[in-house]
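Chain letters run A, B, ... following the sequence lines, proteins first, then strands; residues in each count from 1. Just so it is clear, the structure is predicted and the values come from calculations on it, not from any experiment.
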Number of protein chains: 2
Amino acid sequence: MGRARTTGETKGAFGGARVSRQRRAIASAAARFGSAFTVERLHAAVTDAGEPAGLATVYRAVTALVDAGSLVGIGTRDGSALYAWCGRDDHHHHFVCTRCGAVRGIECPLGESALGAVRGEGYTVTGHDVTLYGLCPDCRHARDGATP
Amino acid sequence: MGRARTTGETKGAFGGARVSRQRRAIASAAARFGSAFTVERLHAAVTDAGEPAGLATVYRAVTALVDAGSLVGIGTRDGSALYAWCGRDDHHHHFVCTRCGAVRGIECPLGESALGAVRGEGYTVTGHDVTLYGLCPDCRHARDGATP
DNA sequence: GCCCTTCCTGATAATGGTTCTCACATGGCG
DNA sequence: CGCCATGTGAGAACCATTATCAGGAAGGGC
């Protein structure tokens, strides 16, 4: 696996797709988020960074990044889709903090034992989603200290 | 646990909410689906059953059924949300056939070992989603016999 | 370095699922 | 039986997302 994808390297984030100045700025802004974000927020972040891009362009860049595996969709919130930057190439899933939106990669907990049950009944499993929700350490302490 | 919720019993499907003629028809139609469905399809099914209900009413009934735990959201398809009737009260997840939309309940594969990793780092896990995707036995055979 | 093709960009309109509004009907409890 | 909270219906409103289309830039080949 030679394709290293680090936070700073936004070049290869689009896979084989063409990379423009706007897309570089969009990928860079997405990578700088430490938590989940909406397309609207990403658009604002890109604009604030001094590289204005149209909303449609941001949507297209997000689609390209998801296709390339650099971005993952983390459910939806208030009717808009949430995304999170993903610097990993291996198979894994995510923990999402329901308070601040922080995202953390987790190992896939599904083994042959979990899939074997349905497979034994003639089912073919081609994919799966696993997402954990809860509080990150920071938000946990913040909530414990304040009145809910 | 006295609250038995079977396929035929659509009375208690709404929990404590009020039950009208339309809601009974909606719950009944939803329970008759053997697979995932969109709100639009449910609306059509209710109308076909001879109990016309407004689209907004179906949306409200679906929301109430989800709140009561009788209905579960199974991701989204082509921009519209998918739901499936759920006659179980215990903790479980779902397998969704990507070809016909059939839904099958599965046991929760997440044990303490899977959650312990993040818990040990100060995270609090309050909930999780697990959904398997693939082909049901029927669709598997149908595809094996025909040219994709 | 230059050209040429392909793909990206941007502003706006269009799309379509979902929710809101409001007057009216109805369920269910006392 | 009567009251009042709650559900209903039709349509408009809402809003995230996608399509459109002319113009511009990326990038491979020469």
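Remark on DNA chain C: of its neighbouring residues B/Leu55 and B/Arg18, the 5'-side contact belongs to B/Leu55, judged by nearest-heavy-atom nucleotide. Each of B/Ile26 and A/Glu40 was matched to the nucleotide of DNA chain D holding its nearest heavy atom; the match closer to the 5' end belongs to B/Ile26. Map A/Tyr83 and B/Ala17 each onto its nearest nucleotide of DNA chain D; the residue landing nearer the 5' end is B/Ala17. Along DNA chain C, the nucleotide nearest to A/Ala61 and the one nearest to B/Arg60 differ in position, and the one closer to the 5' end is contacted by A/Ala61.
A sub-4.0 Å separation between OP1 or OP2 of C/dC8 and a side-chain N or O of A/Arg23 is present. A sub-4.0 Å separation between OP1 or OP2 of D/dA16 and a side-chain N or O of A/Ser80 is absent. Within the 4.0 Å cut-off from OP1 or OP2 of C/dA25, not a single side-chain nitrogen or oxygen of B/Gln22 is found. Side-chain nitrogen and oxygen atoms of A/Tyr59 include none within less than 4.0 Å of the OP1 or OP2 phosphate oxygen of D/dT18. Residue A/Thr57 places at least one side-chain N or O closer than 4.0 Å to OP1 or OP2 of C/dG10. Taking side-chain N and O atoms only, B/Ser20 has no distance below 4.0 Å to OP1 or OP2 of C/dG27.
A salt bridge does not link A/Arg24 to A/Glu51: none of the charged side-chain nitrogens sits closer than 4.0 Å to a carboxylate oxygen.
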What do the steps show when you test A/Glu121 against B/Arg140 for salt bridge (charged side-chain N to carboxylate O under 4.0 Å, His left out), and what is the final call? CA-CA 12 Å; A/Glu121 298 178 31; B/Arg140 181 186 176 187; over 6 Å; no
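Between A/His91 and A/His128, the distance separating the two ring centers is shorter than 6.0 angstrom.
The distance between atom NE2 of B/His43 and atom P of D/dG11, rounded to the nearest whole Å, is 12 Å. Distance, A/Arg21 CZ to D/dA26 P: 8 Å, rounded to whole Å. Nucleotide D/dC15 holds its C1' atom 17 Å from the CZ atom of A/Arg41, rounded to whole Å. The nearest whole Å value for the distance from the CG atom in A/Leu42 to the P atom in D/dA16 is 15 Å. The distance between atom CG of A/Asp78 and atom C1' of D/dA16, rounded to the nearest whole Å, is 12 Å. If you measure from atom CG of A/Leu82 to atom C1' of D/dT17, you get 15 Å, rounded to the nearest angstrom. In this structure, the CZ atom of B/Arg77 is 15 Å from the P atom of C/dT18, given to the nearest Å. Atom CZ of A/Arg24 is separated from atom C1' of D/dA26 by 10 Å (rounded to the nearest Å).
Looking at heavy atoms from C-beta onward, A/Leu132 lies out of side-chain contact with A/Val96 at the 4.5 angstrom threshold. Contact of the A/Phe33 side chain with the A/Leu42 side chain is registered, since non-hydrogen atoms from C-beta on lie closer than 4.5 Å.
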